[in-house]
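What follows is a short report on a single structure.
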Amino acid sequence: MNVTVIDPGATLGVLGGGQLGAMFATAARRLGYAIAVWDPDPDAPAHRLADHSFIQPFTDSSARQDFDRRVRAVTYEWENVPAELCEQLKREVPVRPSSQVLRVSQDRIEQKTFLQTHGLSVPTFHAISSPEELGRQTVLGYPLICKTATAGYDGKGQWKIARAEECAMVQQDLVRNMRPGLRWILEAWLPFEREVSILVVRSLEGTMRTYPVVENVHEGGILRQSTIPADVSATVADQAATMACRAVEVLGGIGVFCVELFLMAGGRLLINEVAPRPHNSGHYSLDACTVSQFEQQVRTLCGLPLGEVRLLTPAVMVNLIGDDVRLATESPGVQEVLRESGAVVHLYGKRTIRAKRKMGHISFLAPTRDEALMKASAFRSRLSGTCL
Ligand code: ADP
Ligand code: MG
């Protein structure tokens, strides 16, 4: 194993230049690293923070050689980057987490099968490789959720199916989006009590640390709000940490991982998914912890000591999705947002507002979780123009 430390001053490469890539770049720059960002979209936010920008398609081999030459190590901002590219890059420079981890993580069927094989509980699922199989399955019952095995995020590529009669309609959608090799995963729709997530960082030597458990609220499959710490018992928190560490360990992951779990009535936990990278539900760590998830990503990539995972204050993070961002950027609302004590505003600088697009987030910090929740809920009622 290559345990050579990459000291500050070196150039680090990141594949993907969205907000996650930009936050990685910011953390890396603060530690004195230079950054090469590769994202084919020239408007991707991280390009503005890059020392070297690559906007060629990920399949461009001369861009790959140039990227290779410039960087000492490579990471990726999320799992929807080509694993083949990581495989080619790793011949020249360390890629962390590895391309094998990426491959398992980027396919929901592979990932759930892998976790289950290693004794970790996941929702009951069934893989299909043609739309016709959707109506034929009898193992799961209804309601169920159908998800594309690859390339889905923020609830995209997902269909909730309440009754057998709805299958025909969803099948038409699947046929419309059909591409060779496409597969879908069907999962029992779980009446969970809460959704939680937990960040695990794992060093080159295999040392692990976990951040506190976070409680998440999603709307339409997209994260709306995260509360830290989660209001769960110590037993549930311990079990979440144990399952998350086990998942990262069996994957052999080096870096930052976020494990999303469903908490069922009675306290049983099931892993929903594992993201091999910093996660939206971990953004609170930028403002509420000594060392953020993005700094941990830099540290684990470079073989530096893991940072502490100490929570300095309770926090509630609210995402600014689509038009929400206007309240935080346009007068007169923006003054009110910026005047709020304990509110830390993050705007991603995306040029175009689109429905369901993550445009920024606000962390509400307060001495107690209840106060942080009150601030967040007052803000959200302003967002929706109604009292929640
Ligand atoms: P994504 O990659 O888009 O985050 P997820 O599988 O995490 O995909 O699904 C997004 C959200 O949809 C989850 O956070 C949860 O709220 C809901 N969801 C997903 N799968 C299930 C399920 N099996 N039962 C109930 N809700 C689910
Ligand atoms: Mg998810």
Side-chain angles (χ1 to χ4, degrees), residues 16 18-20 76-81 102 104-116 120-128 134 137 139-163 166 170 177 182-200 213-227 230 240 243-244 247 256-265 268-283 293 317-319 321-322 354-358 361:
Q19 66 270 18
L20 298 170
Y76 36 88
E77 67 158 356
W78 70 336
E79 52 284 2
N80 293 322
V81 297
L102 178 63
V104 176
S105 309
Q106 65 188 187
D107 185 310
R108 296 183 197 279
I109 300 167
E110 299 289 324
Q111 186 185 116
K112 288 209 162 72
T113 307
F114 182 88
L115 294 171
Q116 203 169 43
L120 288 154
S121 304
V122 297
T124 313
F125 69 94
H126 177 70
I128 60 169
L134 177 61
Q137 74 77 29
V139 272
L140 294 173
Y142 295 89
L144 63 79
I145 183 165
C146 170
K147 308 175 185 177
T148 51
T150 53
Y153 66 97
D154 288 345
K156 296 186 176 76
Q158 300 192 358
W159 297 261
K160 184 181 174 187
I161 307 176
R163 289 178 304 275
E166 293 177 13
V170 174
N177 296 310
L182 206 63
R183 295 193 298 167
W184 296 268
I185 185 168
L186 310 178
E187 295 173 20
W189 178 266
L190 297 175
F192 52 75
E193 215 163 57
R194 279 151 207 245
E195 286 196 80
V196 296
S197 60
I198 183 164
L199 290 169
V200 179
V213 178
V214 175
E215 182 170 340
N216 299 315
V217 176
H218 289 79
E219 282 173 6
I222 184 163
L223 183 65
R224 168 44 85 187
Q225 176 170 306
S226 295
T227 303
M243 287 171 76
V256 176
F257 292 80
C258 182
V259 181
E260 297 179 17
L261 303 114
F262 296 138
L263 175 59
M264 307 304 290
R268 181 155 183 253
L269 284 164
L270 302 169
I271 296 185
N272 172 33
E273 60 177 345
V274 180
R277 45 142 176 115
H279 191 264
N280 191 173
S281 69
H283 286 356
Q293 58 174 348
M317 187 231 49
V318 177
N319 267 338
I321 301 167
R354 281 198 296 269
K356 294 194 157 194
R357 191 174 200 200
K358 289 174 177 168
H361 70 269

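Start at 1 and go down the list; that is how both ligands and their atoms are numbered. Both backbone and side-chain heavy atoms feed into the values below; hydrogens, waters and symmetry mates do not.
For the pair E187 (side chain) and F125 (backbone), a donor-acceptor distance under 3.5 Å is absent. For Q293 (side chain) and V256 (main-chain N/O), no donor-acceptor pair under 3.5 Å exists by modelled atom type. Between the E79 side chain and the P276 main chain, no donor and acceptor come within less than 3.5 Å of each other. Of the possible donor and acceptor atoms, none in the side chain of E260 sits under 3.5 Å from a partner among the backbone N and O of E273.
Here the CG-CG distance, from L120 to L269, works out to 11.0 Å after rounding to the nearest 0.5 Å. Once rounded to the nearest 0.5 Å, the distance linking CG of L223 with CG of D154 reads 8.5 Å.
Looking only at protein heavy atoms, the nearest one to atom 14 (O) of ligand 1 is E195 OE1, 2.7 Å. At the shortest separation from atom 21 (C) of ligand 1 among protein heavy atoms lies F262 CZ, 3.6 Å. In terms of protein heavy-atom proximity, atom 4 (O) of ligand 1 is nearest to E273 OE2, 2.9 Å. Of all protein heavy atoms, the one lying nearest to atom 10 (C) of ligand 1 is G221 O, 3.7 Å.
Of the heavy atoms in D154, only backbone atoms (N, CA, C, O) come closer than 4.0 Å to ligand 1. Here W189 has heavy atoms under 4.0 Å from ligand 1 in both its backbone and its side chain. Neither the backbone nor the side chain of K156 has a heavy atom within less than 4.0 Å of ligand 1.
Less than 4.0 angstrom separates some heavy atom of H218 from each of these atoms of ligand 1: 14 (O), 16 (O). Residue F192 approaches ligand 1 through these ligand atoms, each under 4.0 Å from one of its heavy atoms: 25 (C), 26 (N). The Q158 neighbourhood of ligand 1 comprises atoms 1 (P), 3 (O), 5 (P), 6 (O), 8 (O), 9 (O), 10 (C), 12 (O), with distances under 4.0 Å to a heavy atom of that residue. In the vicinity of G155, heavy-atom distances shorter than 4.0 Å reach the ligand 1 atoms 3 (O). Under a 4.0 Å criterion applied to the non-hydrogen atoms of E260, ligand 1 contributes the atoms 7 (O).
For the Mg ion (ligand 2), the nearest N, O or S atom contributed by E273 is named OE2.
L199 approaches G282 most closely through the heavy-atom pair CD1-CA, 3.9 Å. Contact detail for Y153 and R108: the closest heavy-atom pair is N-NH2, 4.2 Å.
In this structure, the side chains of W78 and R277 come closer than 4.5 Å at one or more pairs of heavy atoms. Using a 4.5 Å heavy-atom cutoff, the side chains of P123 and K112 are in contact.
Nearest-residue assignment for atom 19 (C) of ligand 1 (options E187, H279, K147; heavy-atom criterion): K147.
In terms of polar-atom proximity, defined here as any N/O pair under 3.5 Å, L190 does make such a contact with ligand 1. Considering backbone and side-chain atoms together, A188 places an N or O closer than 3.5 Å to an N or O of ligand 1.
Residue contact check for ligand 1: K160 places no non-hydrogen atom closer than 4.0 Å to it.
Of the candidates N216, V196, V213, L261 forms a side chain to side chain contact (heavy atoms under 4.5 Å, CB included) with just one, namely V196.
Note that atom 17 (C) of ligand 1 has no protein non-hydrogen atoms nearby, at separations under 4.0 angstrom.
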